[in-house]
Number of protein chains: 2
Amino acid sequence: MKEKPDLLKISELWIRILNKMDADEKMAKDFGTGDLLHCSEIHTVMAIGKNPDTNLTSLSLLLGISKSAISQMTGRLVVKGLIEKHRDSKNEKEVRFRLSPKGRIAYLGHEQHHAKIYARMHRNLGDLTDDEFSLIIRFLSAMEKTLDESGHGEK
Amino acid sequence: MKEKPDLLKISELWIRILNKMDADEKMAKDFGTGDLLHCSEIHTVMAIGKNPDTNLTSLSLLLGISKSAISQMTGRLVVKGLIEKHRDSKNEKEVRFRLSPKGRIAYLGHEQHHAKIYARMHRNLGDLTDDEFSLIIRFLSAMEKTLDESGHGEK
DNA sequence: ACATTTAGTTAAGCATGTTAACTATATAGA
DNA sequence: TCTATATAGTTAACATGCTTAACTAAATGT
């Protein structure tokens, strides 16, 4: 990386961002379906929308949470009518998920919401080259790997 | 910014990292005192170490959580022997906090712990040029600014 | 002095995750 | 083919770290 002051700067920024996001995390929003969806609920909806017919295990890896958590979360989302669970006859073991019509509304609602945030982000960040993008990915991946290794964060 | 796939990739990585940190928050660690301290416990210890003799209300503002949460947290930390609560005779209403000797050990332990994580991060990320470093800062700053503007995150 | 504000505590509850123990299905090797 | 093992998912019990609401006690101001 670099000398200490730089590391500290990244670390401080990182922690501050996380705290701000965290504060926010607790607020549920209506993404156009009339339901109030919590952060992790809409995230799951988005993950399923982007990866139709993924099974539970993949979803768990994708989102970085336990299969148990996914199982509970998807159960709740089925009850709320945002996603559908199905098993195809070829594979009676795996459960797959897809969005319900209502789920698609929430999906689009969230995308609009995102689009606004991306626009803001773009205004704040400016255009990035391919190289710059890969550096960011590299940085975040290192972050994730460090997290995986240490078995715990240092938020 | 750029085309969609890149945005998605960053977004997914980001969410996964946050989830992992979150999961992690629940794991306790020994910072050299023989006690297992949870993330928010050590954070409180750090905050008190950096701001000796703050009262509960200030601590609550400082950490951005409710007075109730602070009250519960500090209660636990007193039981664990990491901090001390005191009221000075001039003011029987406010409670003030300071680190116990054991708390100071944890404080230092946490600082060392940070150093180790930096080292791991360095191993995973490699050296960065000045330009690369500033790009990361630019990215994170944009992230923070975007968050500030929208008045709420979208984790 | 009494009413109001301020500081802190406590109880109950919620969102989100975990691990451990479980069932059911798929697969690979004798 | 039969059986052992690995894989997919579920469930129960619990942990963490917050919240709000209702409370007590001390300080303040009129």
Side-chain angles (χ1 to χ4, degrees), chain A residues 18-29 35-45 47 53-80 83 85-97 147 151-153 155, chain B residues 15-29 36-45 47 53-80 83 85-97 155:
Chain A
L18 291 188
N19 282 339
K20 284 180 183 177
M21 290 193 135
D22 213 50
D24 219 52
E25 182 117 357
K26 282 129 207 160
M27 288 197 287
K29 288 191 196 79
D35 308 270
L36 286 178
L37 296 186
H38 290 274
C39 241
S40 52
E41 290 176 329
I42 190 66
H43 282 164
T44 308
V45 167
D53 296 319
T54 13
N55 65 12
L56 191 146
T57 301
S58 319
L59 216 46
S60 150
L61 293 172
L62 189 68
L63 292 174
I65 57 185
S66 67
K67 295 198 295 176
S68 165
I70 298 287
S71 180
Q72 296 170 57
M73 173 62 70
T74 50
R76 247 175 288 143
L77 291 175
V78 167
V79 169
K80 289 197 176 186
I83 65 171
K85 242 166 160 168
H86 62 99
R87 298 179 133 101
D88 64 68
S89 47
K90 301 234 171 185
N91 188 333
E92 287 291 322
K93 195 163 65 157
E94 301 181 14
V95 182
R96 293 170 189 282
F97 305 96
L147 211 52
H152 76 276
K155 181 183 153 178
Chain B
I15 288 172
R16 203 161 58 231
I17 289 173
L18 293 187
N19 281 339
K20 284 183 179 175
M21 290 195 129
D22 210 51
D24 221 47
E25 187 103 349
K26 280 133 205 160
M27 282 197 283
K29 201 177 179 318
L36 287 179
L37 297 186
H38 292 273
C39 240
S40 52
E41 290 175 329
I42 190 67
H43 282 165
T44 308
V45 167
D53 294 319
T54 14
N55 66 10
L56 190 146
T57 301
S58 320
L59 215 47
S60 148
L61 291 173
L62 189 69
L63 292 174
I65 57 185
S66 67
K67 294 198 295 175
S68 166
I70 298 287
S71 179
Q72 295 170 54
M73 174 63 68
T74 50
R76 248 174 289 143
L77 290 175
V78 167
V79 169
K80 291 195 176 187
I83 65 172
K85 242 166 159 169
H86 60 100
R87 299 180 134 100
D88 64 69
S89 47
K90 302 232 166 183
N91 188 332
E92 287 291 322
K93 197 163 63 155
E94 299 182 15
V95 183
R96 294 173 189 280
F97 305 96
K155 178 184 159 187

> Would you say the side-chain atoms of B:T44 pair up with the backbone N or O of B:S40, donor to acceptor, closer than 3.5 Å?
yes
> Round to a whole Å and report the spacing from CD1 of B:I65 to P of D:dG17.
10 Å
> What is the separation between atom NE2 on B:H43 and atom C1' on D:dG17, rounded to the nearest whole Å?
13 Å
> How would you summarise protein contacts on nucleotides 3-11 of chain C per nucleotide, using B for base, S for sugar-phosphate only and - for none, with heavy-atom distances below 4.0 Å?
---BBBSBB
> Testing the basics here: between A:D53 and A:R96, what is the closest heavy-atom pair and its distance to 0.1 Å?
O-NH1, 2.8 Å
> Which atom names give the shortest non-hydrogen contact between B:A47 and B:L59, and what distance separates them?
CB-CD1, 4.3 Å
> Side-chain N or O of B:S66 less than 4.0 angstrom from OP1 or OP2 on D:dC18?
no
> Flag the pair B:L63 / B:I70 as yes when at least one side-chain heavy-atom distance between them is below 4.5 Å, and no otherwise.
yes
> Has A:D35 got a side-chain atom pairing as donor or acceptor with A:L37's backbone, closer than 3.5 angstrom?
no
> Take atom CD1 of B:I42 and atom P of D:dG17, then tell me their distance rounded to the nearest Å.
12 Å
> Measure the distance from CG on A:L63 to P on C:dG17 and round it to the nearest whole Å.
9 Å
> Just the rounded figure in Å: distance from P of C:dC14 to CG of A:L36.
15 Å
> In whole angstrom, give the distance that lies between atom NZ of B:K29 and atom C1' of D:dT16.
19 Å
> Nearest nucleotide by nearest heavy atom, which residue falls closer to the 5' end of DNA chain C, A:R76 or A:N91?
A:R76
> Tell me the interatomic distance from A:H38, atom NE2, to C:dC14, atom C1', rounded to whole angstroms.
8 Å
> Is B:K80 reaching over with its side chain to a backbone N or O of B:L36, donor-acceptor style, under 3.5 angstrom?
yes
